[in-house]
Number of protein chains: 2
Amino acid sequence: MGEGPTIGTIAERAGVSTASVSRVLNGLPTRPETVRKVLAAADELGYVPNSAARSLKSRRSHQVAFAMADIGNPVYLEMVREIQPVLKAAGYRLVLHSTGADVAEEIEVLRSLGGRYADGLILIPLRLTAELAAAISAARAPVVVIGSVPEEAGVDNVRTDSRLGVRLALDHLYALGRRRIAFVNGPLDTVPGAARAAAYRDALAALGLPYDEKLVEVGDFYRAEGAAAVRRLLAKGPDVDAIMCANDLIALGALDVLREAGLRVPEDVAVAGMDDTDLAAGAWPPITSVSLGSAERGRRAAELLLARLADDASAKAPRKVVSVRPELVIRASTKGGTR
Amino acid sequence: MGEGPTIGTIAERAGVSTASVSRVLNGLPTRPETVRKVLAAADELGYVPNSAARSLKSRRSHQVAFAMADIGNPVYLEMVREIQPVLKAAGYRLVLHSTGADVAEEIEVLRSLGGRYADGLILIPLRLTAELAAAISAARAPVVVIGSVPEEAGVDNVRTDSRLGVRLALDHLYALGRRRIAFVNGPLDTVPGAARAAAYRDALAALGLPYDEKLVEVGDFYRAEGAAAVRRLLAKGPDVDAIMCANDLIALGALDVLREAGLRVPEDVAVAGMDDTDLAAGAWPPITSVSLGSAERGRRAAELLLARLADDASAKAPRKVVSVRPELVIRASTKGGTR
DNA sequence: TTGTACGCGTTATCAA
DNA sequence: TTGATAACGCGTACAA
């Protein structure tokens, strides 16, 4: 763990100037003999360029930050899995931030971009307050938001139509003959929560089904909270023949509670989730889920950011919005075949 | 996205020298009046210190790297979840590396530490070659290895006794009356693969059960590969009454195949996994699994690294080894109660 | 083709 | 208490 060699060390050893060393290492035209000596010295010393010095000079950190609520959520995980290789291929390192869905922390991350530790940021806000929107616009580095963001923010944006997603699932349930379709949601003050609540109402209306408060319950986007919400739902004693869940974790919780209650899935109650994570595919019965293209959204976001970082021309291009189409993945929890 | 203010900008605005600005910002004794002016200017300008300049000067990046095979594996994910907050609390950012279990990539990560982009590294190698061991010893920053590493490497080490883990599971199965206990493993040229293979033999011997090749199958540590391995196992036509799987993903694959084959779990065949991930708890039936304390290993590793980084004294302290005890978490896949 | 010298933004030393 | 100034390691005009 000795002191690291610098271009100065190499210069001495090779008997040339630091400028020559720098030139060789950056592939600038140099006399072959010099190149040889420098490379030999660098190799012997195990030289690795100091990233701080390089960043300071070049004004580039070769890092990209990714900020989401909680890396434990499989949706974000899928995104990381896609983002990471895209960045790596372009020579960027990935810095991870778990914000706990706390707006203040998200704002802090945006602010810290001013320190230039990262060249850009991919952000997934859960709650979109005015302060957050302001902070996004004021960010000192390119930001790509996954999720919807007002146009005024002026940043690139990868979104999906979760309204259409809910619609797809409800159409499917309706086609299967279900008419008492409950909805278990996450917090209404979150962007996805609000959107999915509205989508549920709209979809019911489009199908000519009545909106019944007894069929709606709000918890949080986690398994235990989802289970609790479903328990409350059942306690209200409505005749339910399907449960639409605002994400897969809630759907898993629903399976737990239904099993507990001795109800068969899908014979007695069909269950559908959203996000189409591994958990949905891995559950028993496998859960029908609306894919919101997490992997694709992650990849597209990384690509958008890289495009911004590529050159000055594209850095000033107008904001781009990419939409990923939701898709219904039908499994045994709605239509099957559980044995 | 304007040009970032520097201490120079602040100095001008406040009518003082850059030295004073630096002093104020670092909390060194300064005249109150100066402090006020500087802070006001800094605030108005939205000043954020440049991290590259700071790192260059202080020789600290305030970043820690974490390198594992694949962030998609729930075990590593659990570790990240624990590591992240510990680092954050200490003022470090987390840089993520997925190496794809490729030794060359791991060596590259170790080498790149010479660039000082991170102050330390937490590494989980899957295969421990001589080159890797050499690279670990030669690393230019503190490294903590999760998993076993030879003493010569001289680095801090968080390990678990997977041998004991296998033993716990086999004892449990034996106590339940199972005598034909199969073992489905991952690649034998990986550290965990080799250790668990040996552990299986030992545990059988300790229980007085014969080692039967027909009961052993090797695949990979993933669900699909695990399923394929179990399929091959069943094709050999041994009378199996329990399957010990080298990790939870394999166990999930086993459930898939057993269900396919019309075998009941645990009545016909009991299934146990390792790692005790969420997937094991979430499966149906819930899978008995040996917890290797992933979360705790992650946390301890982060703490060990922080201790090394804390001050020069501890930086030179002798290597520390922390052991996390495995624990058997019994669920319905071995003992239950599935209806 | 090569070397000298300066600047990137901070911190730290030394006089004043 | 403060300001001028020298590093930190690298890249790059500019001069030789």
Side-chain angles (χ1 to χ4, degrees), chain A residues 2-39 41-42 45-63 91 112-119 140-141, chain B residues 2-39 41-42 45-63 91 112-119 140-141:
Chain A
E3 290 307 303
T6 70
I7 53 172
T9 327
I10 298 179
E12 269 183 56
R13 181 135 176 167
V16 298
S17 73
T18 59
S20 287
V21 174
S22 177
R23 272 190 291 264
V24 170
L25 296 177
N26 289 300
L28 297 180
T30 318
R31 186 155 54 104
E33 170 65 9
T34 311
V35 172
R36 205 187 47 68
K37 282 191 296 187
V38 168
L39 290 183
L45 293 168
Y47 171 77
V48 182
N50 181 292
S51 62
R54 193 168 252 189
S55 297
L56 183 56
K57 183 72 189 170
S58 68
R59 301 164 156 287
R60 290 220 154 207
S61 64
H62 295 284
Q63 298 195 150
S112 69
L113 284 177
R116 312 236 80 110
Y117 74 90
D119 299 332
R140 292 237 172 81
Chain B
E3 289 309 303
T6 70
I7 55 171
T9 328
I10 299 179
E12 270 184 54
R13 182 135 176 167
V16 298
S17 72
T18 58
S20 287
V21 175
S22 176
R23 272 191 291 266
V24 170
L25 296 177
N26 290 299
L28 298 179
T30 319
R31 185 155 54 103
E33 169 65 7
T34 310
V35 172
R36 203 188 47 67
K37 282 192 297 188
V38 168
L39 290 183
L45 292 168
Y47 171 78
V48 182
N50 181 293
S51 62
R54 194 168 252 189
S55 297
L56 182 57
K57 184 70 189 166
S58 68
R59 301 165 154 286
R60 291 222 155 207
S61 63
H62 295 284
Q63 298 194 147
S112 69
L113 285 177
R116 314 235 78 108
Y117 74 90
D119 298 333
R140 292 238 172 79

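In what follows, every heavy atom counts, from backbone to side chain, and hydrogens, waters and symmetry copies are set aside. We name chains A, B, ... by the order of the sequence lines, and we start the count at 1 in each one.
The phosphate of D:dC8 (OP1 or OP2) has no side-chain N or O of A:N50 nearer than 4.0 angstrom. Between B:T34 and D:dT2 there is a side-chain polar atom (N or O) within less than 4.0 angstrom of OP1 or OP2. Side-chain nitrogen and oxygen atoms of A:R59 include none within less than 4.0 Å of the OP1 or OP2 phosphate oxygen of C:dC8. Using a 4.0 Å cut-off, no side-chain N or O of A:S17 falls inside it from OP1 or OP2 of C:dT2. Phosphate proximity of D:dG9 to A:R54: absent, as no side-chain N or O sits under 4.0 Å from OP1 or OP2. Look at A:Y47 and you'll find a side-chain N or O under 4.0 angstrom from OP1 or OP2 of D:dC10.
Residue-level contact check: A:P49 touches the backbone only, with heavy atoms under 4.0 Å from sugar-phosphate atoms and none from bases. Across all strands, A:V16 comes closer than 4.0 Å only to sugar-phosphate atoms, never to a base (heavy-atom distances).
Take B:R13 and apply the salt bridge (Lys or Arg N to Asp or Glu O under 4.0 Å) test, not counting sequence neighbours, and it matches B:E44. Under the side chain to side chain contact (heavy atoms under 4.5 Å, CB included) criterion, B:S22 pairs with B:N26, not counting sequence neighbours.
Residue-to-nucleotide proximity on DNA chain C shows that, of A:P32 and B:A53, the 5′-proximal contact is made by A:P32. Comparing A:T6 and B:P29 against DNA chain D, the residue whose closest nucleotide sits nearer the 5' end is B:P29. Mapping B:L56 and B:A19 onto DNA chain D via the closest heavy atom, the residue that lands nearer the 5' end is B:A19.
Taking atom CZ of A:R60 as the reference point, atom P of C:dC8 lies 19 Å away to the nearest angstrom. Between the CD1 atom of B:I7 and the P atom of D:dA4 there is a distance of 13 Å, rounded to whole Å. Rounded to whole Å, the distance from NE2 on B:H62 to P on C:dT10 is 14 Å. A:Y117 has its OH atom 17 Å from the P atom of C:dT10, to the nearest Å. When rounded to the nearest whole Å, the span between CZ of B:R140 and P of D:dG9 equals 13 Å. What separates CD of B:E33 from C1' of D:dT2 is a distance of 14 Å, to the nearest Å. When the P atom of D:dG9 is taken as reference, atom CG of A:L25 falls 15 Å away, rounded to whole Å. In this entry the distance linking CZ of B:R116 with C1' of D:dC8 reads 13 Å, nearest Å.
To the nearest 0.5 angstrom, A:E12 atom CD is 11.0 Å from A:T18 atom OG1.
When each of C:dT2, D:dT12, C:dG9 is scored by its nearest atom to the side-chain atoms of A:R31, the top-ranked nucleotide is C:dT2. Taking the side chain of B:S22 as heavy atoms from C-beta on, and the options D:dT2, C:dT11, C:dT4, the nearest nucleotide is C:dT11. Of the candidates D:dT5, C:dT11, D:dT2, C:dT11 carries the atom nearest the B:N26 side chain, counting heavy atoms from C-beta on.
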Give every pair of a protein N or O atom and an N or O atom of nucleotides 14-16 of chain C that lie under 3.5 Å apart, one pair per line with the distance.
none

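A side chain to side chain contact (heavy atoms under 4.5 Å, CB included) with A:Y47 is found for one member of A:V21, A:T9, A:L25 and no other, namely A:L25.
The base of C:dT10 lies outside donor-acceptor range of the side chain of B:K57, with no N or O pair under 3.5 Å.
The minimum heavy-atom distance linking A:Y117 with B:Q63 is given by the pair CD1-OE1, 4.4 Å. Nearest approach of A:A52 to B:L56, heavy atoms of both residues: CB-N, 3.6 Å.
Here the side chain of A:R116 pairs a donor or acceptor atom with the backbone of A:R140 at under 3.5 angstrom. Side chain of A:T30 to main chain of A:V35: no donor-acceptor pair is present (N/O by atom type, distance under 3.5 Å, no hydrogens or angles).
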